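Ligands are counted one by one from 1 in listed order, and the atoms in each one are counted from 1 as well. Numbers for residues simply follow the sequence, beginning at 1. Please read these numbers as outputs of a predicted model, since none were measured by experiment.
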Amino acid sequence: MFSFFRKKAPPPPAAPEALPPATATAAATTAVAVAPAAEVAPAPVPAPAPERSGWLGRLAQGLRKTGSSLAQVFTGTKIDDALYEELESALLMADAGVAATEALLVDLKRRVKDSKAADPAAVKALLADAIAELLAPLERPLVIGEATPTVIMVVGVNGAGKTTSIGKLTRHLAESQAKVLLAAADTFRAAAREQLAVWAGRNQVEIVSQDSGDPAAVSFDAVQAGRARGCDVVIADTAGRLPTQLHLMEELKKIRRTIAKAQEGAPHEVLLVVDGNTGQNALAQVKAFDAALGLTGLVVTKLDGTAKGGVLAAIARWGAARPGGPVPVYFIGVGEKLEDLQTFSAREFAQALLG
Ligand SMILES: Nc1nc2c(ncn2[C@@H]2O[C@H](COP(=O)(O)OP(=O)(O)O)[C@@H](O)[C@H]2O)c(=O)[nH]1
Ligand SMILES: [Mg+2]
């Protein structure tokens, strides 16, 4: 089951006497966000539905290379230096990076000592705990409804899965009765606009698109339209680019600034979509896009393929030292089907990673 938090503004304080009850109710459900302190607590995440277990299987299947090389480490009978050395290599091979690998080893050794674990199988279980704890700060839901509309800007390199992820997210939002408007701010290719338009059509949501155009202008128009039409969410799809293409990064900054002009406080979310197969390069992308734009969340896609998965540990480790805290992983993608975009769970991911 897919989930995100939806915060609603509370009913307005004591409706004027003249206001008929029906109007008061409508105002309560569509009211614009008020000061956070007065907000109603978000709804709890629904319990995992059966489809979630199938999805977890796909994740474990996608990460099976890492799973089997990590499992191999624990097949011996002794907990010795050789075991830790093998584990170090397996974690590095899994794209966890040097810093996260070292942190995990230190943490694991402490856990082994504290628990007086006596056999490698017990160490494996402790490793799952260590990984889950390292990844836990990345587990946070996307919140919509604190602003109306909640404006989400989606960025990333070419082919990362931006448009596909937007399509899936839109579907889930629309199914939860959120009114969504898409902005086709990938103005480089006509095909990109068409691809987003297909998703808009499938989900029966509106789209703001221009034949030729400046992505900042399209985004501006979309946010204004979203405000005028009372949309809950506006999602801007941007063209893929490498962080080394400085003029294109400047363009993204301009889109961001322009969105802020259309609505104070927007964009509320700047999401980077990263392909899980890009290994340590994924961390480089996170750092570079964050430096340019200030990321608020990540979507890690294609964890169903040949991805090794350890890069999430590297992202978590880097995030722990980031001023402002880690960039959460809102969703992970494990395939091209609609149900293949799921919320991230640190514990589930740690288990999938260990096979
Ligand atoms: N296997 C797999 N393919 C994906 C996933 N997400 C996206 N794709 C595919 O990746 C390709 C590029 O996706 P697209 O959304 O166009 O990328 P964009 O350039 O970032 O907008 C498409 O063929 C998608 O179907 C995923 O989680 N798993
Ligand atoms: Mg695209």
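- Within the structure, the closest approach of Gly335 to ligand 1 falls below 4.0 Å when heavy atoms are considered.
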Full working for side-chain hydrogen bond (donor to acceptor under 3.5 Å, both in side chains) between Asp186 and Gln195:
CA-CA 10 Å; Asp186 179 351; Gln195 190 190 357; over 6 Å; no

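- The protein heavy atom nearest to atom 8 (N) of ligand 1 is Lys302 CE, 3.8 Å.
- Each of Leu252, Leu271, Leu272 was compared with Met153 under the side chain to side chain contact (heavy atoms under 4.5 Å, CB included) criterion, and only Leu252 meets it.
- Considering only non-hydrogen protein atoms, atom 15 (O) of ligand 1 sits nearest to Thr164 OG1, 2.5 Å.
- A donor-acceptor pair under 3.5 Å links the side-chain atoms of Arg193 to the main chain of Asp211, judged by distance alone.
- Atoms NZ and CG, on Lys254 and Leu248 in that order, are 12.5 Å from each other to the nearest 0.5 Å.
- For the atom pair CD (Gln204) and CZ (Arg171), the distance works out to 10.0 Å, reported to the nearest 0.5 Å.
- Proximity of Gly159 to ligand 1 is established by a heavy-atom distance of less than 4.0 Å.
- Any N or O atom pair closer than 3.5 Å counts here, and Lys162 shares at least one such pair with ligand 1.
- Ala160 counts as a contact of ligand 1, since one of its heavy atoms falls under 4.0 Å from the ligand.
- Within ligand 1, counting atoms from 1 as listed, the ones closer than 4.0 Å to a heavy atom of Val334 are 27 (O).
- Annotation for ligand 1: atoms under 4.0 Å from non-hydrogen atoms of Gly333 are 27 (O).
- Nearest non-hydrogen protein atom to atom 6 (N) of ligand 1 is Thr301 CB, 4.0 Å.
- Rounded to the nearest 0.5 Å, atoms CG (Asp275) and CG (Leu303) are 8.5 Å apart.
- Not one N or O of Asn158 is nearer than 3.5 Å to an N or O of ligand 1, by distance alone.
- The nearest heavy-atom contact from the protein to atom 23 (O) of ligand 1 is Glu336 OE2, 3.6 Å.
- The protein heavy atom nearest to atom 28 (N) of ligand 1 is Asp304 OD1, 2.9 Å.
- Expressed to the nearest 0.5 Å, how far OG1 of Thr170 lies from NZ of Lys168 amounts to 12.0 Å.
- Protein heavy atom nearest atom 17 (O) of ligand 1, with residue, atom name and distance: Gly161 N, 3.1 Å.
- Looking only at heavy atoms of the protein, atom 16 (O) of ligand 1 is closest to Gln195 NE2, 3.0 Å.
- Under a hydrophobic-cluster definition in which Ile, Leu, Val, Met, Phe, Trp and Tyr are linked whenever side-chain heavy atoms come within less than 4.5 Å, directly or via other members, Leu283 and Leu293 are assigned to the same cluster.
- Here His172 contributes atom NE2 and Thr343 contributes atom OG1; the two are 9.5 Å apart, rounded to the nearest 0.5 Å.
- Distance CG/Asp340 to CD1/Ile332: 10.5 Å, rounded to 0.5 Å.
- The nearest N, O or S atom of Thr163 is closer to the Mg ion (ligand 2) than 2.8 Å.
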